[in-house]
Amino acid sequence: MSVLRLAVPTPLRRLFDYLPPAELSEQELAGLKPGIRVRVPFGRRELIAILVDVAEQSTVPTEQLKAALEILDSEALLPQSLQTLCHWSSDYYQHPIGEVFSAALPKRLRKGLPVQEQGEAAWQLSDRGKGLPEGALPRSPKQAAALALLQQQTQVSTATMKAQGISTAVLRSLREKSLIEACTMPIAPQAGISREGLPLNDDQRQAVEGIAATLGEFQCHLLEGVTGSGKTEVYLQLISHCLAQGLQALVLVPEIGLSPQTLDRFRERFDAHIVVLHSGLAEGQRYRAWEAARSGAAHIVIGTRSAVFTPLAKPGLIVVDEEHDSSYKQQDGFRYSARDLSIKRGQLHNCPVVLGSATPALESLHNAQQGRYWHFQLPQRAGGATLPQIQCLDIRREPLQAGFSATLLARIAEVLQQGDQVLLFLNRRGYAPSLQCHDCGWVAECQSCDARLTLHLRQRQLRCHHCAAYRALPNRCPDCHSSQLLTTGVGTEQAERLLQQHFTQWPTYRVDSDSMRGRYAMEELAAQVNLGEPCLLLGTQMLTKGHHFPKVSLVAVMDADALLFSADFRGEERMAQLLTQVAGRAGRAGRPGQVILQTHHPDHPAVQAMLHQSYAEQAERLLAQRKANGLPPAGQLIMLRSDCVDAATGEEFLLQLRRQFEAEPISGCQLIGPLPSPMPRRQGRHRSQLMLSATGRPAALRAAPRLVALAEALPKARGLNWTIDVDPSELS
DNA sequence: AGCACGCCGACT
DNA sequence: GTCGGCGTGCTC
Ligand SMILES: [Zn+2]
Ligand SMILES: [Zn+2]
């Protein structure tokens, strides 16, 4: 007996066995390959599953097995290496295998639509057209020319037609006469061609040569280079080595990291097929890009997190740009890290992986120090621009206007008068993060979350930044009816108003998710700013990624204190990364930049470190702290979270889990909690967490499946949800 | 996660 | 009498 073992798209963490479709012959059965799609009845619905294995028998009694309905493919959708990556991810992150495969496939294929023959839109003669003699249609020369071409070459692409001066209108009228028909023409695989690169400095050359020497084998490389040190040029030259060997390159970029500027650089350098995969793509576009990567037609694949699962016909190189960026870690559902998976992928493909960053994650630095990664440093700023000077501005007892000290406003004015641009970083959108009654102390809070409502003045709304809740801004206190409602704290909207009033001759551009709504908003703004006129750029984290603003010579962090007191053990690492990245935005092309941190805590060790130490030095100190505390990368964490409408149930569930785990402990594992999450109630649900701290990877690898098995076996109270997060990046 | 079944309140 | 509320249980 043959049994199909299938990964079914469901949150259940197991495979499902089916009998082969009734009409399938022995021979067809023998030809089934893992990785093909199979349509199956599942419960009372039909789903598209992925064949994992054809087994001799099942542990499920035969009479309970259903027959699959249809085999959808003859060839695997994903190459073997990528199927292996899916299984590995499913095990490592303890996420249901069916959902992992779903993450690796474009929607089109998940829905069961057939694999589309890739090709260029083209035309061929219809049966009727084939009957025409040479030199037909003499009265319409354009149509005759089109026919002549098709008589010579059977299939001619629309592009070629256009090049021959034959418009689509001509072709359409030929089709209306049923003389020609549309078809797709297979594209002959073409070599990607690289144009000459920029001259390299010694450090860049060493990196390119060192990394290129590992093409064809697995090796992970950490490329550490400050902003402007020419990391991108190193990537480009490595990619050209890769293309020269007839191999494809996969480039991962942060969520909003792919600026048109960077993309243009790729397009200018390579006469090659480049595809881009990001979340904004329409279904069809995404599928075509995916298929081009899979078929090998695309030479370079650039994409965000989910692109780590893009199949490649001839993988040669994987680049993870800004590898420290938190957007590589998925924050819900299948909580994978695209950076970590790209390294696994490199192993499976035997190809090098390059992790690039000005501010590498401590994990990556640790791996480099351990000798697991090769470490390349690009200390110089290309073009000789000097690194910005960071100064701290003590604002204790300073009067502040919308968060600005008089000193800062004066510095801004000077810079604008010199004709330069100013970048102001304030990581808080809205007008003010809190609204209070001056008479009775009432505070505007969210009904569903343990959080204050943010005032959005233009919309006259109070909004929760943790759920969808919003309400109209009250004129009076709902408790005591006083009209003395005061805001505390400053958000970008408020800072923007002050800048507009204070600097009337210069435009202020606000960059946050409220002001940059449209798809092209950010692009248009960047183009406007990069015309070079003096202006003020004010924004949240959005401003610190992707676009470069070469005319900025002053960067100010308005509220450095907000970064200082974080509950998360990664807080200080994040702060150092963020501030270093922000600082890197100041001064380019030979002009020194200036960075100002406004703080009430000028003596705080983290502030002092920012002033006097390089990122590498700070990282070294933080790494030592982590090692002393057994925290990643010295140890490994697994987070279990529960959420439930009532507070006690979730915590009780995790407590049971802990008891059961500890009844038969795993050495090297320690459980902490359950504890309420840093924000205990969110969207009306009470959240708790249980953290497992493992001394190393082997212990964690044993603990994760055990925790899941125990959690699945525990009686699940109604309305309770639990999730597992291996290598959590956020301890909330 | 879906999608059913099932068993109690207010509608024709 | 039945339409539908969502609690509970299952998916090879
Ligand atoms: Zn009041
Ligand atoms: Zn809320």
(request) Taking only heavy atoms on the protein side, list every residue of residues 89-111 of chain A lying under 4.0 Å from any atom of DNA chain C, sorted numerically. (result) none
(request) Classify the nucleic acid contact of A:Pro41 as base, sugar-phosphate or nothing, counting any heavy atom under 4.0 Å across all strands shown. (result) sugar-phosphate
(request) To the nearest Å, give me how far apart CG (A:Asp53) and P (C:dC12) are. (result) 19 Å
(request) In whole angstrom, give the distance that lies between atom CZ of A:Arg45 and atom P of C:dC12. (result) 10 Å
(request) Would you tell me whether A:Gln656 and A:Gln660 have side-chain atoms, one donor and one acceptor, within less than 3.5 Å of each other? (result) no
Could you pull out all donor-acceptor pairs under 3.5 Å where a side-chain atom in residues 664-676 of chain A meets a protein atom, sequence neighbours excluded?
none

I'd like a table of donor-acceptor pairs (distance under 3.5 Å, sequence neighbours excluded) in which one partner is a side-chain atom from residues 43-64 of chain A, with atom names and distances.
residue: A:Glu46; atom: OE1; partner: A:Arg39; partner atom: NH1; Å: 2.5
residue: A:Ser58; atom: OG; partner: A:Asp17; partner atom: OD2; Å: 2.5
residue: A:Ser58; atom: OG; partner: A:Val60; partner atom: N; Å: 2.9

(message) So that I can tick it off, tell me whether A:Asp332 and A:Arg335 are bridged by a salt bridge, with the cut-off set at under 4.0 angstrom between side-chain N and carboxylate O.
(response) no
(request) Could you list by number each residue of residues 11-24 of chain A showing a heavy-atom separation from DNA chain C of less than 4.0 Å, or answer none if no residue does? (result) A:Leu12, A:Arg14, A:Phe16, A:Asp17, A:Tyr18
(message) Using the rule side-chain hydrogen bond (donor to acceptor under 3.5 Å, both in side chains), only one of A:Gln331, A:Lys329, A:Arg570 pairs with A:Ser729; which is it?
(response) A:Gln331
(message) Please find the pair of heavy atoms, one from A:Ser342 and one from A:Ile318, that lie closest to each other, and give the distance.
(response) O-CD1, 3.6 Å
(message) Taking the six-membered ring of A:Phe661 as reference, does the cationic atom of A:Arg706 (NZ for Lys, CZ for Arg) lie under 6.0 Å from its centre and within 45° of its axis?
(response) yes
(message) Tell me whether A:Arg685 is salt-bridged to A:Asp643, with the criterion being a basic N under 4.0 Å from an acidic carboxylate O.
(response) yes
(message) Can a side-chain donor-acceptor contact be found between A:Asp325 and A:Ser327 if the only test is distance below 3.5 angstrom?
(response) yes
Could you give the side-chain donor-acceptor pairs of residues 104-114 of chain A under 3.5 Å, partners two or more places apart or in another chain?
residue: A:Arg110; atom: NH1; partner: A:Ser102; partner atom: O; Å: 3.0
residue: A:Arg110; atom: NH1; partner: A:Leu105; partner atom: O; Å: 2.9
residue: A:Lys111; atom: NZ; partner: A:Glu283; partner atom: OE2; Å: 3.0

(request) Hey, which sits more toward the 5' end of DNA chain C by its nearest nucleotide, A:Ser58 or A:Arg44? (result) A:Arg44
(request) May I have the distance from A:Arg39 (atom CZ) to C:dC12 (atom P), rounded to whole angstrom? (result) 15 Å
(message) In this structure, how many angstroms lie between the P atom of B:dG2 and the CG atom of A:Asn721, rounded?
(response) 13 Å
(request) Mind listing the residues from residues 707-719 of chain A sitting with a heavy atom below 4.0 Å of DNA chain C? Number order is fine. (result) A:Arg718
(request) Can you tell me the distance, in whole Å, between the CG atom of A:Leu47 and the P atom of B:dA4? (result) 13 Å
(request) Indicate the atoms forming the closest heavy-atom contact of A:Leu277 with A:Val301, along with that distance. (result) CD1-CG1, 3.7 Å
(request) Mind calculating the distance between CG (A:Leu69) and P (C:dC12) to the nearest angstrom? (result) 11 Å
